[in-house]
Every structure is written in structure tokens, then in C-alpha cells.
Amino acid sequence: MKQNQFVQQNEARWQQFEQLSINLKDDMPAEFPILYRQVCNDLATARTRHYSPSLIAKLNDFVSVGQSILYQGEGIQISSLIRLFKYNFFRALFENRYYLWISFGAFYGLALAAFAWVKIDPDAVYYFLDVGSIKDIESMYDPASSVQMDERESGSTVLMFGVYIYNNIGIAFQMFGGGALFGIGAILPLLFNSFYFGAISAHIVNVGYESTFFSFVVTHGSFELTAITIAGAAGAKIGFSLLMPGQYSRAHAIKAAGSTVLPLIVGAFIMLVIAAVIEAFWSPLHIPNTFKYCAGAVCWFYVLFIFYRGTRYGHS
Amino acid sequence: MDINKKVMMQYQGLDNKFFIKLPEGVSINLVPAGIVVRSCAYLYDFFIRALVFALIAAALSFLGDAGQGLILIAYFVITWGYYIAFEAKSGTTPGKKKFNLKVVQDNGLPATLSNIIIRNLLRPADAFPFGYCLGIATMSFSKSYKRIGDWSAGTLVIYQEQKIKSALAGDNISQEDAPSIELAIDEQQAVVEFLERSKKLSIARQEELANILSEALNAKDEAATHKLKSMANFYLGQKI
């Protein structure tokens, strides 16, 4: 069949397809998939009969448009993120359990080591931090200071919420992304943060402000610190898939690692949002410390329970 | 090697097209977008983000401390959420749309939410140590111009197809007899392509191109273009 005859025969159908694909609303007309398959068929026919390149290009574009309409993604929906957290998160915890355990152990191990070091040798904190920032931290947790005594205004509560969202989640995402650099971008910030956290806690204990400090950090720390270790483990896994691709090619290994750790970073994101809410609105409240320690115990129990069940059994 | 394969290979060499097999049993070709056009799209998006952030920050700056907090949240959402929100919705951002690009999966299907999240959260690795140096290096070493985020998410950035194309077929020059010269199929295609492109070429350029074949056609200038076009029309089947 000559090309023009072929075009004449099918042109009406192509125009119908084109009109449908441009004016498509949410509900798909029943004839669209049928027309799409016919266009696919036309493209195959045109190729085997060596019709002109512009006809093939036109049909190619039709098929391309058709498949992008038929196979389009679900878009961005809160419900799909929650589904990802509810089901895939636990499976991902299980699949990556060795990374998570190592990251968890490294984070708290180094924090404890730093804590012990600074507890034994109080001057050691000046090796890592300059005097100015130590003074700042001391004034934040000094029971007699204005930061602790005055009721916070609602405005500064929102400000701190913004800081926690911007800073903490930003760090978690940076660690996840930086992890692709052979894990270095994830491991270094993780260890740095754990060391810093341990050293500061010990210093606060040394100067005797522990009641204001621990009552403040205990509740949100459960979600925040665990989320940071999860984000670090997820980033490190991507990097290690490049270092040790095993039986796969590196291109395939990094792709597989990406899809297994995705629920982890989504989970860490949700946990950090929860942590930011607690840190901004609950932790600075002026209530007896007993309440805060009780809430902290509940949160720690819940987070560790999820972490244990997830890494051990893969479901809640 | 059969002609079909040969033609496809020439296309691949010349236009950097990708042939991807669909479950429908046909293959389509995709054209991956290169570093320059993607950088332009990035800059365009960057200016939009900067503008939106500046407007939000200006509006919120009157709210005191609470406004500062909201500005930080807005900065976070714009930095990390802009690409994820737009690409998850339609596979393109305003900048990509401007330069006619879109994100698809390796197999040509529209990218899913998971793909989009991974490719955008890995931007810190591509941006290392500054100005997307590593991303540009990775892109220049792969045929499909993938940055690290694209490798990990399994995505490609391709040129988007135009929804409406110019009409097919050409002039009213007809040809009753078969051409005197026997041509192979890819040569016939070249002649047909000449006819289809001739609408975009000036008369002088058409004649210049046709004159390359003046010996074989036994004609020059206007006669040569006329002869080529009538041959093309014969192959297209203008006279059935």
C-alpha cells in the first residue's frame, strides 16, 4: 500500500485520537484505549513499510502522548505518602535492618563515648567547640536565665517550629542525598551530630543544668534522633550500593537501592515533622518535669517498639 | 545487516534517539535532553523559585517572629517541594515545560511519585561540591545524560512531543511514470524527506540540495527540484 492511501484510510481516526488526547478530562472515554492500540498498530505498520520519516515521527508522537495519558502516575497525594509510611516503611526497615542497626549503634555508641569523655574530662568540650557557642548553649538551658523563666510568646513558638522544620529535615535530606557520594555524605554528618550531641549533654550535666536540658529534649529526641539515624542509614545504603554492587552492575544496584530506601526517607520525614511539632509546642511548656518525662517515656517506647518490630519482623 | 536496522542505527548516531519497546508491541523513540537545555530549564526554575520566595518573604516579614518561622518553612517547602510537586503532577516543571522537556521512567512510561522523590532528594549529591559539578560530570559520561539522581530513580529527561504537528504530504506536482532510476529504500526515504522538508527551505537552498544529484537526475536547478519532488510523490503514492 502506498503511503498516501494509508494516510487517507486512517487520517480520520488519527484526528479523533488527537482531539481526544488534547481535550481529555478526568474520565477517560472507552474508545481511547482502543484508538491507542490502533495507533500503535499503525506505527508498527508504517515502520515495516518504510513510510516517510515525518509520518513515522507523527505516529511516534501519538503513541508517546497516548501512553503518557494511559499510564500516568497518581500525582502527589497525602494518602499515598501515608500508605507508603504505613506499609512499605516497616518492610523497608526489615530489608535494610543491618544498615539501620549499624547506624543506630554507631550514633548512640559515639554519643555515649563523647558523653563519657567530656564527663570525665570537663575541659575536653573546648577542644571541639569555641567558647562563644558553649556560652550560648549554657544560657539556653540555664534554669535562672530569661529563656527558661519567661513564657514564650506564640510568635517565637512558630519561629522555632520553622527553624526545626528547615534545619532538622534539611539535615536529614542532605544526609540522604549526600549518601550517594559513596556513603561519605551520610556517615560524616551522622557521626558529627552524634559526637556533638554527646559532648553537649555531658557539658550541660557538668555545669548542672541537666534538669532543664533533659526535660526539654527527652520527648522530641525519640523521634528526632531515630529519624536522623534512619536517614543516615538510607543515604549510606545508596552509597554502598555503588561501592559494593555485588552481582549487579552499578547502574542497576543504585536503582535497586534507591527504591528500597525510599520508604525510609519518607518515614524519617514524617517522624521529623512529628518531632518538630513536639519540640516547638510541647517541650518548652512550663509544666512539672514529671509530665515531660512521662511523655518522653511513652514516645521512646513507641519509637523503639516500631524500630524493633520493623527491623525484626517487617511489620508493626 | 538488513536495511531496517541500518536506518535505525543511522538515526541513533545522528539524532541520539532511544528506541524503547512498549508492552503494546511497538517501539517508540525518545530523545534525551542534554546538559545545556537542562541547565537553562534549571535556571528558569531557579528564578521562579527565587521570585516566589521573595514575594512570600516580603508578605510574611510584617508578622514578626511568627512570620520569620513561616518564611523558614516556606523556604524549606520551595527548596525541596517545588520539583517534587510539579514533576509528580505532570512530569515537568514550569522551566522544563518552557524548554519542552519532561521526566519519564527509563522505559518511557510516566514517572511515578517514588521516582520523582528519589531523583529530587539526591540533588545534594549532584550539587556536590558546588554548582551541580558532579551532576554535570555524571551526565557527560552517560549517553542518556543521567545525573546521579536519575541513575538512582531510573528516570530520563526527554524532549516532550509536540501535541499538534503540521499536516502531512506535499505539493500538487504529480508523476505518471515511475522514475527512471532504481533506488534503495533508505534512498527513497531521503527523497521523500527532501519533499517534506522543502516547505521549510528557500528555493535557492532547495536547488542547491537538488544540484548535488544533478548528474544522476540529468537536470539542474528548478528542473532538478521538480524532478526530485515528483519522484518523492511517486514513492508516496500521490497517483495511486
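Side chains included, hydrogens not; waters and symmetry mates left out as well; all remaining heavy atoms used. Numbers restart at 1 for each chain; the letters A, B, ... are given by sequence-line order, proteins then strands.
In plain terms, the two heavy atoms of A:S64 and B:L30 that are nearest each other are OG-CD2, 4.4 Å. Here the shortest heavy-atom pairing between B:S114 and A:L262 reads CB-CD2, 3.2 Å. Looking at every heavy atom in both residues, A:I254 comes nearest to B:S152 through O-OG, 3.3 Å. Of all heavy-atom pairs spanning A:G162 and B:L72, the tightest one is O-CB, 3.8 Å. Contact record, A:R47 with B:I28: NH2-CA, 4.2 Å, taken as the closest heavy-atom pair. Scanning both residues, B:L122 and A:A180, for their nearest heavy atoms gives CD2-CB, 4.1 Å.
Contact tally against chain A (heavy-atom pairs below 4.5 Å) for B:L121, B:L109, B:V192: the top residue is B:L121. For the set B:G67, B:G108, B:G64, the entry with the most heavy-atom pairs within less than 4.5 Å of chain A is B:G108. The most heavy-atom pairs under 4.5 Å with chain B, out of A:L59, A:I169, A:N41, come from A:I169.
Here the CZ atom belonging to A:F161 is positioned 9.5 Å from the CG atom belonging to B:L70, to the nearest 0.5 angstrom. Atoms NZ and NZ, from A:K255 and B:K146 in turn, are 6.0 Å apart once rounded to the nearest 0.5 Å. The distance from the CD1 atom of A:I184 to the CZ atom of B:F128 is 7.5 Å, given to the nearest 0.5 Å. Between atom CD1 of residue B:I71 and atom OH of residue A:Y166 there is a gap of 12.5 Å, rounded to the nearest 0.5 Å.
Side-chain contact between A:S68 and B:K102 is present, with heavy atoms from C-beta onward closer than 4.5 Å.
With a 4.5 Å cut-off on non-hydrogen atoms, B:D106 touches chain A through its side chain but not through its backbone. Using a 4.5 Å cut-off between heavy atoms, B:L134 contacts chain A through its side chain alone, with no backbone atom that close. Proximity to chain A (any heavy atom under 4.5 Å) is restricted, for B:L22, to the side chain, taken from C-beta onward. Looking at A:I238, only its side chain comes within 4.5 Å of chain B, counting heavy atoms on both sides. Of the two parts of B:W80, only the side chain, counted from C-beta on, holds a non-hydrogen atom closer than 4.5 Å to a non-hydrogen atom of chain A. Residue A:A257 does not touch chain B at all, counting heavy-atom pairs closer than 4.5 Å.
Heavy atoms of other residues, nucleotides or ligands lying less than 6.0 angstrom from CZ of B:R197 number 12 at most. The number of heavy atoms from other shown groups lying within 6.0 Å of CZ (A:F32) is above 12. No more than 12 heavy-atom neighbours from other residues, nucleotides or ligands sit within 6.0 angstrom of CZ on A:F182.
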**Message:** With side chain to side chain contact (heavy atoms under 4.5 Å, CB included) as the criterion, how do B:E24 and A:Y36 come out once you've worked through the C-alpha distance, each side chain's angles and the decisive distance to 0.1 Å?
**Reply:** CA-CA 9 Å; B:E24 281 80 10; A:Y36 169 68; 3.2 Å; yes
**side chain to side chain contact (heavy atoms under 4.5 Å, CB included) evaluation trace for A:V158 with B:D65** = CA-CA 7 Å; A:V158 177; B:D65 275 357; over 6 Å; no
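With hydrogens and angles ignored, the 3.5 Å screen pairs a side-chain donor or acceptor of A:N60 with a backbone N or O of B:N29.
Note on ring orientation: taking the six-membered ring where Trp is involved, the planes of A:F269 and B:F76 are parallel (angle under 30°, cut-offs 30° and 60°).
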